[in-house]
K.L.:
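Pasting a structure below so you can have a look.
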Amino acid sequence: MSLARIVGRAAMKPFARALPQMGDTERAALEAGTVGFEGRIFEGRPDLDALMRIGANRLTEREQHFLQHDVAELCAMLDDHAIDQAGDLPPEVWRHLRERRFFGMIIPEAWGGLGFGHHAHATVVARIASVNVACAVTVMVPNSLGPAELLLRYGTDAQKQHYLPRLADGRDLPCFGLTSPHAGSDAASIPDRGMLVEREIDGRRVRGFSVTFNKRYITLAPVATVVGLAFNAIDAGKPEGQQELRITCALIPVPQPGMRIGRRHRPMDGAFMNGPIEGDEVFVPMEWIIGGEERVGQGWRMLMECLSAGRAISLPALGAATQQAALYIANGYGQVRQQFGLPIGKFDAVAALVADVAVDLYATDSARRMTAAALDAGEQPSVAGAILKVQLTEAGRRSANHAMDILGGKGIISGPSNLMGVSWRHMPIAITVEGANLLTRSLIIFGQGAVRCHPFVMQEMQAVEAKDDEALGRALLGHTAHVGRNLWRSLFGAPLVGTPPDALAHEARMLARLSAKYALTCDLAMGLLGGRLKRMELLSARLGDALAHLYLASSCLWRYVFDAQPDMLPFARAAMRAQLDAAEEVLRDLYANLPTGGRRFIGRVILSRTRHLAPLPDVQRLELAKLLRTQPSLVHSLCPDLMQPASGGLADLAEALRLAQELGPEEAEALGKTVSRTRSITQAAAESSRPALAEAYLRAVDRVIQVDDFPGPADEAAATASPAASPAPASRPFPAPRQSGTPSATAPTPWRRTG
């Protein structure tokens, strides 16, 4: 008898008791997607050559042309405040989206779509979101998890021929109903039921499902012409215990007898369409099941496989756009706004926040781009997608908060001049949807990652399930050697695998060592706690966070190599060190909270020789902020997706910064001081050697500083008495597109600027 069989036979019973039970829905989630570079981190052996084999982001000529023309034209049409007030996109924007096939970015050209890659798709969403989130959400939903991707992967030929051209050119607008009032985060437990029946239609008997459902939070539902629906299929004619056919996905044309849509939710009062869908005994023929009758019961696996890619694109793009806008606004406003005789960006408290946003942005956007490159290379990294979803949306929220702190009163007054208010209001939506971050950190990033990315855990679970002593023994022997290697590397140093860039070689060595410590910590946590770890969400969330920080640190190496921008080295190094320090801090917290004896001692031993890791020192944060103030090219490199709207606060700020650059920073700062002294823009400009340019700059700055006000009760009373005295609206109302159930928009409130 082999050693592996002996070991496996001895371990089979205790492992069967210790390992958590795996249901069909969990199995589908675990098996979805592929393992990317995050698997190397779980091994404790990040191979830097493998990291570089991911390759660079690339855009085709068609994709570049679309970004430079179609996307730029769209952004010039978007008035963030007016759209927010109207509660809808204007008709010309809806028309532009359809005519230029924004809804068909992921649909191949053969079916009438644009056939774009993942990087191009993400870039389009990010650029739109930098100007208007509502439009970005409208574009991203048909191109993310929904009918188009499900049809491309699983649809019948007839379904593809009918729907894909119509989805590509916007004749059909899709939505997808998954979430129910009683099944939110636990989406697999949806209560919606479809009973297998036969109905007579046009003189023939048709098999299908009579579906009763109640869905909510469904984006694009109020304007959808085709509804994707997930429900539990039931065949009452089967024996007891076999009637549940499991989750099934279908496409239902709108309108449909028994189905009610058209009302709206208003997520954070956002302008994008979102609402509930209800159905009472809606008949769904078998030909409406995505993939036909043979795909009945496979809906959950289909959704998980699609989500492994979609989660890495849309919401991370929104987070990146918010970060880029926040950095540009915080840094720019800090240069033109003066208090106490200085631009506020020179004050340490403001400068430190600007630097924090920049360092955060370098790391998170590196991970987003690297994962898009992996997707374009054919990978489907499901764990990496979950990492991006959490990290980019949380970073977007942090950046918005920092920018709002810097803007002060300017940031909290609504109106066309507001720079961050609408984006700040929308960030909780991104935190919540496609798997709330609280859930994703513990159950997906680590729960799924520990099984899928670990080199031996999946083998052990499969061996126990199959009662295969030999396979279990081989996996355990390999696992033991794996633990021994990582223990050695944790205590005595981890060798570099692959060749890092010379400028970041020290940080690469820290990454290698900390990855070994992380891998060993995962094995210790799973070994000490077994199946209990699944229920101890605070611990598993920390393990997920540590993996995420190490993944982001790795992506900084990748980006620095492929960007080939030596002047970005200070930000690349700071971003790597910040992520490594965050990972180490998370691991320290984990050891402090392990419910086992000697946990602190174990933690001190394993995490020894990491004292060189520390948060970024203040002097470095202030130096980074100074680089951003004095070198506009660095801001451009960090914010490549930021688009300038035709009007509004962001356009005013961009104009002020352009004129400041033309004047030179010293003269621009001096003019600000002169205005404070003279209280007159005209007089301050007259004292300049270039009075016309100086006056243009000072008036641009004044537009940035001012905020908007609106009619009060006295104004309304006066307007009623004398209609001619009523101020003219700054922008016309946008009527909603003529779709069934879409509410009509209301006119924006008249406004004016005030000091």
K.L.:
Under the rule for side chain to side chain contact (heavy atoms under 4.5 Å, CB included), what residues qualify as partners of R398, not counting sequence neighbours?
P.N.:
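R398: side chain to side chain contact (heavy atoms under 4.5 Å, CB included) contacts with D360, E394, A395.
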K.L.:
Applying side chain to side chain donor-acceptor pair (under 3.5 Å), can you list everything that pairs with N331, at least two apart in sequence or on another chain?
P.N.:
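By the side chain to side chain donor-acceptor pair (under 3.5 Å) rule, N331 matches no residue at all.
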K.L.:
Run the side chain to side chain donor-acceptor pair (under 3.5 Å) test against H118 and tell me which residues pass, sequence neighbours left out.
P.N.:
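Residues passing side chain to side chain donor-acceptor pair (under 3.5 Å) with H118: D376.
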K.L.:
Taking only residues at least two apart or on different chains, which pairs with a member in residues 537-562 satisfy ring-ring contact (aromatic ring centres under 6.0 Å, His included)?
P.N.:
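Pairs touching residues 537-562 that pass the test: W558-F562.
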K.L.:
So which pairs with a foot in residues 123-132 pass side chain to side chain donor-acceptor pair (under 3.5 Å), sequence neighbours left out?
P.N.:
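Counting only pairs at least two positions apart or across chains, the side chain to side chain donor-acceptor pair (under 3.5 Å) contacts touching residues 123-132 are D80-N132, R127-D641.
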K.L.:
Any ring-ring contact (aromatic ring centres under 6.0 Å, His included) involving residues 401-448? Give me the pairs, sequence neighbours left out, ordered by first then second residue.
P.N.:
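As it turns out, there is no ring-ring contact (aromatic ring centres under 6.0 Å, His included) pair with a partner in residues 401-448 once direct neighbours are skipped.
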K.L.:
Quick one: side chain to side chain donor-acceptor pair (under 3.5 Å) partners of D365, sequence neighbours excluded?
P.N.:
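Expected list: Q324, R368, R369.
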K.L.:
Any pair with a residue in residues 128-141 that passes salt bridge (charged side-chain N to carboxylate O under 4.0 Å, His left out), sequence neighbours left out, goes on the list, sorted by first then second residue, please.
P.N.:
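Qualifying pairs: none.
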K.L.:
Who pairs with E585 by side chain to side chain donor-acceptor pair (under 3.5 Å), at least two apart in sequence or on another chain?
P.N.:
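Residues passing side chain to side chain donor-acceptor pair (under 3.5 Å) with E585: none at all.
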K.L.:
By side chain to side chain contact (heavy atoms under 4.5 Å, CB included), which residues pair with T521, not counting sequence neighbours?
P.N.:
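Listed in chain order: L543, L587, L590, Y591, I606.
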K.L.:
Got a sec, which pairs hit side chain to side chain donor-acceptor pair (under 3.5 Å) with one end in residues 536-546, sequence neighbours left out?
P.N.:
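Residue pairs with at least one partner in residues 536-546: R441-D545.
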K.L.:
Does a donor on one side chain sit under 3.5 Å from an acceptor on the other, for Q706 and S417?
P.N.:
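Q706 vs S417: no donor-acceptor pair found between side chains.
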K.L.:
Using the side chain to side chain contact (heavy atoms under 4.5 Å, CB included) criterion, which residues pair with H265? Sequence neighbours excluded.
P.N.:
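H265 satisfies side chain to side chain contact (heavy atoms under 4.5 Å, CB included) with R216, Y217, P267, N274, P276 only.
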